[in-house]
Engineer: 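Take this structure first; my questions come after.
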Amino acid sequence: MPNKGLDAQGYIEREGSLGLMPRAFRPVVATARDRVLDVFGARLHSAYLYGSIPRGTARVGRSDLDLLLALREEPTDADRTDAHSLDEALDKEFPQIDGSGTLLVGRAQVLSDLERHDLGWFVACLCTPLLGEDLAEDLPRYRPDSLLARETNGDLALFLARWRERIAEAGDSEEALRPLARYMSRHLVRTGFTLVMPRWNGWTSDLAEMAEAFGAYYPERAAQLREAAALGYEPRGDAAALRSYVDDLGPWLAEEYARVHGMQETAPLGRAFSNRAPRRAVSGFSGLPDEPVLP
């Protein structure tokens, strides 16, 4: 399916819009918008939605609220505490969402050369403007090429040891394993997709489509990625599946990724598109708080 998610010039089109937001989530977003302004005020440069809500695919009671806030200066510990309190309050108040995750970044970080093809791309292509001046205006257009693939997901190998520890720590607890299944499954599917993205020549955020695109080029691994996509969409505490990620699929995918695209230019161990601040900030696009904080 060539050119999916691209414009006529072959650049990745920005996904999501406020107009696509399901009606059930509009009160959540309206309240979040007001409270972000109340909490961060003049420190806020811009705010964005990302994930299933602005894409129009959110499920009531199953999907979370994903926010990215770009501050005028680098976030402080106090800012992170405020964001955490905001998330807790929104999650408690609105049964429509299954959690809220606010990613804090600094304006300079988004626009830095180091983050140009990771966090910068994430903001420009996967985030929907909610408040303030859109930083995408100061960022380039992006193609689904090998550079973007390397800089967004070329560091999977750095995570595998920590994933093994987290799986072991979770034991047989469904409560502990379920968020790991969601995060790790989505991370692997997205990494598998960006591995083949330049050849597929397109963009999608749909896990099933990502797995199918990957399977067209790696049929011997297609079933594994389809299963990971299913687990990412409907997570359950499957310890055996998670162990297979760190013992088989993950190591193979990291090795193949390095062979095809190379390692991410700067290997970070701190992160944000999950829930912190890059490099590895959003790469899983990771996102981007559909994920727990996993260093």
Engineer: Under a 3.5 Å cutoff, is there a donor and acceptor pairing between the side chains of Asn153 and Gln264?
Structural biologist: no
Engineer: Taking side chain as C-beta onward, heavy atoms only, is Met184 less than 4.5 Å from His187?
Structural biologist: no
Engineer: Show me the pairs that pass salt bridge (charged side-chain N to carboxylate O under 4.0 Å, His left out) and involve residues 132-148, at least two apart or across chains.
Structural biologist: Asp7-Arg141, Arg14-Asp134
Engineer: When clusters are formed by joining ILVMFWY residues with side-chain heavy atoms under 4.5 Å apart, either directly or through shared neighbours, do Leu65 and Leu37 land in the same one?
Structural biologist: yes
Engineer: Are Tyr218 and Glu256 side-chain neighbours, meaning at least one heavy-atom pair lies under 4.5 Å?
Structural biologist: yes
Engineer: Look only at the side chain of Gln96 and the backbone of Gly61, and say whether a donor-acceptor pair between them is shorter than 3.5 Å.
Structural biologist: no
Engineer: If you measure from the Lys or Arg side-chain nitrogens to the Asp or Glu carboxylate oxygens, is any gap between Asp113 and Arg116 under 4.0 Å?
Structural biologist: yes
Engineer: Minimum heavy-atom separation for Tyr48 to Pro129, with atom names?
Structural biologist: CD2-CA, 3.7 Å
Engineer: Is the side chain of Tyr257 donor-acceptor paired with the backbone N or O of Ala149 at a distance under 3.5 Å, no angle test?
Structural biologist: yes
Engineer: Can the ring centroids of Trp200 and Phe193 be said to lie less than 6.0 angstrom from one another?
Structural biologist: yes
Engineer: Can you give me the closest heavy-atom contact between Leu249 and Leu188, atom names plus distance?
Structural biologist: CD2-CD1, 4.0 Å
Engineer: So, for Pro75 and Gly106, which heavy atoms are closest and what is the spacing to 0.1 Å?
Structural biologist: CD-N, 3.7 Å
Engineer: Within the side chain of Asp87, is there an N or O that forms a donor-acceptor pair under 3.5 Å with the backbone of Thr102?
Structural biologist: yes
Engineer: Any side-chain to backbone donor/acceptor pair from Thr194 onto Thr191? Under 3.5 Å, distance only.
Structural biologist: yes
Engineer: So, Arg43 side chain and Val39 main chain: donor-acceptor pair closer than 3.5 Å or not?
Structural biologist: yes
Engineer: For Glu93 and Val28, run side chain to side chain contact (heavy atoms under 4.5 Å, CB included): C-alpha distance rounded to whole Å, both residues' side-chain angles, the deciding distance at 0.1 Å, then the answer.
Structural biologist: CA-CA 9 Å; Glu93 186 172 343; Val28 189; over 6 Å; no
Engineer: Should we count CG of Asp38 as having more than 12 external heavy atoms under 6.0 Å?
Structural biologist: yes
Engineer: Surrounding CD of Glu175 (heavy atoms of other residues, nucleotides or ligands, distance under 6.0 Å), is the total greater than 12?
Structural biologist: no
Engineer: For a quick check under 3.5 Å, do Asp118 and Thr152 share a side-chain donor-acceptor pair by atom type?
Structural biologist: no
Engineer: Hey, what do you get for NE2 (His117) to CG (Leu139), rounding to the nearest 0.5 Å?
Structural biologist: 10.0 Å
Engineer: Short question: side chain of Tyr217, backbone of Arg199 - any donor-acceptor pair under 3.5 Å?
Structural biologist: yes
Engineer: Identify all side-chain donor-acceptor contacts of residues 51-59 below 3.5 Å with residues at least two apart in sequence or on another chain.
Structural biologist:
from	atom 1	to	atom 2	distance (Å)
Arg55	NH1	Glu15	OE2	3.4
Arg59	NH1	Glu234	OE2	2.8
Arg59	NH2	Tyr233	O	3.1

Engineer: Between Arg236 and Arg178, does a side chain to side chain contact (heavy atoms under 4.5 Å, CB included) hold up when you go through it step by step?
Structural biologist: CA-CA 5 Å; Arg236 63 184 186 280; Arg178 188 173 178 272; 5.7 Å; no
Engineer: Is the distance between the ring centroids of Trp203 and Tyr11 under 6.0 Å?
Structural biologist: no
Engineer: Could you give me the CA-CA distance, side-chain angles and deciding distance for Ile12 and Leu6, then say whether side chain to side chain contact (heavy atoms under 4.5 Å, CB included) is met?
Structural biologist: CA-CA 4 Å; Ile12 297 174; Leu6 306 183; 3.8 Å; yes
Engineer: Which pair of heavy atoms, one from Gly250 and one from Leu156, lies closest together, and at what distance?
Structural biologist: O-CD2, 3.6 Å
Engineer: Measure the OH-CG distance between Tyr142 and Leu147 for me, rounded to the nearest 0.5 Å.
Structural biologist: 9.5 Å
Engineer: Could you report the tightest heavy-atom contact between Leu177 and Ala239, atom names first, then the distance?
Structural biologist: CD1-CB, 4.0 Å
Engineer: Between Tyr245 and Trp252, does the ring centroid distance fall short of 6.0 Å?
Structural biologist: no
Engineer: Hey, could you give me the OG/CG distance between Ser185 and Leu242, rounded to the nearest 0.5 Å?
Structural biologist: 6.5 Å
Engineer: Would you sort out whether Leu130 and Arg33 count as a side chain to side chain contact (heavy atoms under 4.5 Å, CB included), showing the intermediate values?
Structural biologist: CA-CA 7 Å; Leu130 183 64; Arg33 180 183 185 278; 4.3 Å; yes
Engineer: Would you say Leu126 and Ser205 make side-chain contact, with heavy atoms under 4.5 Å?
Structural biologist: yes
Engineer: May I ask you to say whether Arg226 pairs ionically with Glu212, meaning some side-chain N is under 4.0 Å from a carboxylate O?
Structural biologist: yes
Engineer: So does Asp248 pair up with Arg221, basic N to acidic O under 4.0 Å?
Structural biologist: yes
Engineer: Can you tell me if Thr76 uses its side chain to pair, donor with acceptor, with the backbone of Asp79 under 3.5 Å?
Structural biologist: yes
Engineer: Is there a side-chain contact between Asp66 and Ile97 (heavy atoms, below 4.5 Å)?
Structural biologist: no
Engineer: Are the side chains of Glu209 and Lys4 in contact, using a 4.5 Å heavy-atom criterion?
Structural biologist: yes
Engineer: Going by distance alone, is a donor N or O of one side chain under 3.5 Å from an acceptor N or O of the other, for Ser100 and Asp91?
Structural biologist: no
Engineer: Which atoms form the tightest heavy-atom contact between Ser146 and His261, and what is the distance?
Structural biologist: OG-ND1, 2.6 Å
Engineer: So do the side chains of Met210 and Arg190 get within less than 4.5 Å of each other, counting heavy atoms only?
Structural biologist: yes
Engineer: Can a donor-acceptor pair be found, under 3.5 Å and without considering hydrogens, that links the side chain of Glu174 to the backbone of Gly237?
Structural biologist: yes
Engineer: Atom CG of Leu49 and atom CG of Leu68: how far apart are they, to the nearest 0.5 Å?
Structural biologist: 10.0 Å
Engineer: With heavy-atom distances below 4.5 Å as the criterion, would you say the side chains of Arg72 and Arg107 are in contact?
Structural biologist: no
Engineer: Is any side-chain heavy atom of Val105 less than 4.5 Å from a side-chain heavy atom of Leu69?
Structural biologist: no
Engineer: Salt bridge (Lys or Arg N to Asp or Glu O under 4.0 Å) for Glu169 and Arg162? Distances and angles first, verdict last.
Structural biologist: CA-CA 11 Å; Glu169 290 168 359; Arg162 180 57 177 151; 3.6 Å; yes
Engineer: Which value, rounded to the nearest 0.5 Å, describes the distance between Arg259 atom CZ and Glu255 atom CD?
Structural biologist: 9.0 Å
Engineer: Could you tell me the separation between the CG atom of Asp238 and the CG atom of Leu180, rounded to the nearest 0.5 Å?
Structural biologist: 12.0 Å
Engineer: Are Phe122 and Tyr50 an aromatic pair, judged by ring center distance below 6.0 Å?
Structural biologist: yes
